[in-house]
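What follows is a single structure, written as structure tokens, with notes after it.
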Amino acid sequence: MRIALASSSGEEVDLHFGRASQFLVYEYTEGKPRLLEIRTVEISETGKHQWTKALDAIRDCDVVIAVQAGLRGKVGIEDAGIKFVADEGPVEEVLERWIRHTEFMKSV
């Protein structure tokens with residue numbers, strides 16, 4: 001499973017999906033996340049509705065985690081077959097919460 005995290009610093013999940021200029025892409029296998037790469041997105045400071053640029057950067061991911069996403073962005077993410085999760089905080093903590101949730105849901 002590939003997980004994309006919207007992060008400005010590489011340390012915090014702290015960006016809105018449509019304003020994300022950077023995604024940390026992790027591979028989650030065998031109970032452990034592994035950073036695959038950092039992807040950048042050319043986002044304009046003044047532009048609106050740039051969520052399609054962000055979506056293009058993560059189309060091969062299964063999950064995207066960002067602080068939030070607008071309605072159009074959420075629909076676009078869902079239409080692409082990607083699960084959107086709203087969360088924020090240190091990258092390690094956000095990943096740990098997602099993993100715990102995923103493992104719990106598998107056990108139910």
Side-chain angles (χ1 to χ4, degrees):
M1 172 186 311
R2 284 194 179 186
I3 306 166
L5 304 166
S7 175
S8 63
S9 65
E11 296 176 13
E12 298 278 327
V13 176
D14 59 355
L15 295 173
H16 182 286
F17 177 75
R19 292 281 184 190
S21 57
Q22 179 173 276
F23 289 96
L24 308 175
V25 177
Y26 283 81
E27 182 73 36
Y28 175 65
T29 55
E30 300 176 10
K32 295 183 181 183
R34 178 176 58 92
L35 180 63
L36 292 178
E37 62 183 308
I38 298 172
R39 298 181 185 172
T40 58
V41 181
E42 294 294 324
I43 297 293
S44 166
E45 290 289 324
T46 59
K48 292 188 175 194
H49 308 295
Q50 298 181 74
W51 63 269
T52 56
K53 293 177 183 179
L55 181 58
D56 287 342
I58 60 147
R59 283 195 185 272
D60 64 331
C61 295
D62 303 293
V63 177
V64 61
I65 303 175
V67 172
Q68 65 181 24
L71 182 59
R72 290 181 186 174
K74 285 180 184 174
V75 170
I77 293 165
E78 182 179 299
D79 286 350
I82 301 169
K83 179 171 183 58
F84 174 77
V85 176
D87 200 354
E88 62 185 298
V91 167
E92 289 181 16
E93 290 178 18
V94 169
L95 277 171
E96 184 179 318
R97 279 193 293 273
W98 173 247
I99 290 167
R100 277 196 325 258
H101 171 75
T102 301
E103 294 303 321
F104 172 76
M105 294 306 291
K106 286 180 184 177
S107 70
V108 174

Those residues that, when tested against R2, pass side chain to side chain donor-acceptor pair (under 3.5 Å) (two or more places apart):
E27, D60
Pairs of donor and acceptor atoms involving the side chains of residues 70-81, under 3.5 Å and at least two apart or interchain, shall be tabulated with distances.
none

Do [X] and [Y] share a hydrophobic cluster (ILVMFWY, side-chain heavy atoms under 4.5 Å, transitive)?
| X | Y | result |
| --- | --- | --- |
| M1 | V13 | yes |
| Y26 | V67 | no |
| I43 | I58 | yes |
| L36 | Y28 | no |

So I38 and Q22, side chain to side chain contact (heavy atoms under 4.5 Å, CB included) or not? Walk me through it.
CA-CA 7 Å; I38 298 172; Q22 179 173 276; 3.5 Å; yes
pair [X]-[Y]: side-chain heavy atoms closer than 4.5 Å:
| X | Y | value |
| --- | --- | --- |
| R39 | C61 | yes |
| R19 | Q50 | yes |
| V63 | W98 | yes |
| H101 | V85 | no |
| K53 | V41 | yes |

Would you say E42 has more than 12 foreign heavy atoms packed within less than 6.0 Å of its CD?
no
Side-chain donor-acceptor distances from residues 89-97 under 3.5 Å, at least two apart:
{"residue": "E96", "atom": "OE2", "partner": "R100", "partner atom": "NH1", "Å": "2.8"}
{"residue": "R97", "atom": "NE", "partner": "D87", "partner atom": "OD2", "Å": "2.9"}
{"residue": "R97", "atom": "NH2", "partner": "D87", "partner atom": "OD1", "Å": "3.0"}
{"residue": "R97", "atom": "NH2", "partner": "D87", "partner atom": "OD2", "Å": "3.2"}
{"residue": "R97", "atom": "NH2", "partner": "E88", "partner atom": "O", "Å": "3.0"}

State whether the side chain of D14 and the backbone N or O of S8 hold a donor-acceptor pair below 3.5 Å, judged by distance alone.
yes
Between CG of L24 and OG of S7, what distance do you get to the nearest 0.5 Å?
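Here the interatomic distance stands at 4.5 Å.
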Working to the nearest 0.5 Å, report the span between CG of L55 and CZ of R59.
4.0 Å
Parallel, tilted or perpendicular: rings of F23 and F17 (30°, 60°)
tilted
For the residue pair L15 and A20, what are the closest heavy atoms and their distance?
CD1-CA, 3.8 Å
Before giving the answer on side chain to side chain contact (heavy atoms under 4.5 Å, CB included), spell out for I65 and I3 the whole-Å C-alpha distance, their side-chain angles and the decisive distance to 0.1 Å.
CA-CA 7 Å; I65 303 175; I3 306 166; 3.9 Å; yes
